[in-house]
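All values below come from the heavy atoms of this structure, side chains included, with hydrogens, waters and symmetry mates left out.
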Amino acid sequence: MSRTIRAVSVCLLLICGAAASGFAQPEEPSIEDRLIAFVQQLRLGLTLATVAAYSPTLGDLRLHTQQLVNLLEGVQGKHFARPTPSGIEPIGLLVEIGALRVRFEGPAIEAGVRERVVDATKNVRMYLTFALDAALLGLEERRIDRASMQLFRAYAFLLAAYEKPCDTGHVPALWTILRMLDLTERILPPNDSP
């Protein structure tokens, strides 16, 4: 009888341990890590727009354009389509910039910085929305030259969202956020300062 009780006790402990570990919430990534991941995904979007624009066939262009749409909207997006099976489920740049804006509006960032970062976040969202619209127009085109033109537009909007700083006047976007949160060093190598 004691063996049975011990076996049941061990099973209960294992079940409780498994259940407790199943309920443990994964730690949410820091805002810095989320921004760095966002930058990497935006760079991927720039690559997809370029590859789509220079595709040799309309089929190739549509494949890469759909990948760009998926990256922008994420799996919950209205236009999401899985061109090929993949284990990667993109959250969507538009979804992520919305979530980041909510985090930026919180008290963790000082007021003066907060206002500028939230404004830049709005601009990033606007440019990403324009890029999505251009990509969707590219998907609808039946001629490759017109579809390519839409992808060049999408690329331009993605580049505006990326906002590589320059000495001239510009509309604040992603690099404003990175500068305000002192993250440019984590994005660029030391010799490639903005």
From CA spacing to verdict: side chain to side chain contact (heavy atoms under 4.5 Å, CB included), Arg43, Ile187: CA-CA 11 Å; Arg43 286 179 181 165; Ile187 303 298; 3.2 Å; yes

Whether Gln41 side chain and Leu71 backbone form a donor-acceptor pair below 3.5 Å: no

Derivation of the side chain to side chain contact (heavy atoms under 4.5 Å, CB included) call for Leu35 and Val39: CA-CA 6 Å; Leu35 275 168; Val39 168; 5.6 Å; no

Worked check of side-chain hydrogen bond (donor to acceptor under 3.5 Å, both in side chains) between Asp60 and Thr57: CA-CA 5 Å; Asp60 290 338; Thr57 68; 3.1 Å; yes

hydrophobic_cluster_shared for Leu139 and Leu93, side chain cutoff 4.5 Å: yes

Flag if over 12 foreign heavy atoms under 6.0 Å of CZ, Arg146: no

Under 3.5 Å: donor-acceptor pair, side chain of Arg125, backbone of Leu94: yes

Tyr127 OH to Leu174 CG distance, which is reported to the nearest 0.5 Å: 12.0 Å

Single-linkage hydrophobic cluster, 4.5 Å side-chain cutoff, Val51 and Leu44 together: no

Non-hydrogen atoms of Ala154 and Ala135 that approach each other most closely: CB-N, 4.2 Å

Leu159, Leu158, Val124, Thr47 screened by side chain to side chain contact (heavy atoms under 4.5 Å, CB included) with Leu42, the one that passes: Leu158

Pair Arg103 + Glu28, salt bridge at N-O below 4.0 Å: yes

Lys78/Glu73 salt bridge by N-O under 4.0 Å criterion: no

Verify same cluster id: Tyr162, Leu151 (apolar side-chain graph, 4.5 Å): yes

Spatial distance of atom OG1 (Thr121) from atom CD1 (Ile177) [nearest 0.5 Å]: 3.5 Å

Atom CG of Asp145: over 12 foreign heavy atoms under 6.0 Å: yes

Considering all heavy atoms, the nearest Ala147-Leu58 contact: CB-CD1, 4.1 Å

Cluster link Phe152 to Leu137, ILVMFWY, side chain under 4.5 Å: no

Which atom of Ala52 lies closest to which atom of Leu61, heavy atoms considered: O-CD1, 3.2 Å

Shortest non-hydrogen separation from Glu32 to Leu183 and the atoms involved: CG-CD2, 3.3 Å

Derivation and outcome, side-chain hydrogen bond (donor to acceptor under 3.5 Å, both in side chains), residues Gln150 and Arg153: CA-CA 5 Å; Gln150 294 300 332; Arg153 287 182 61 233; 2.5 Å; yes

Verdict with supporting geometry, Ile109 and Phe104, side chain to side chain contact (heavy atoms under 4.5 Å, CB included): CA-CA 7 Å; Ile109 299 175; Phe104 295 147; 3.5 Å; yes

Close side-chain approach of Thr184 to Trp175, heavy-atom, < 4.5 Å: yes

Verdict with reasoning, Arg101 to Val118, per side chain to side chain contact (heavy atoms under 4.5 Å, CB included): CA-CA 6 Å; Arg101 179 178 170 199; Val118 168; 3.9 Å; yes

Closest approach of Ala161 to Leu128 (non-hydrogen atoms, all atoms of both residues): CB-CD2, 4.1 Å

Residues Glu110 and Arg114 bridged, charged N to O under 4.0 Å: no

Heavy-atom pair of closest approach, residues Ala160 and Ala173: O-CB, 3.7 Å

Ring centers of Tyr54, Tyr155 separated by less than 6.0 Å: no

Short N-O contact, Arg179 and Glu163, less than 4.0 angstrom: yes

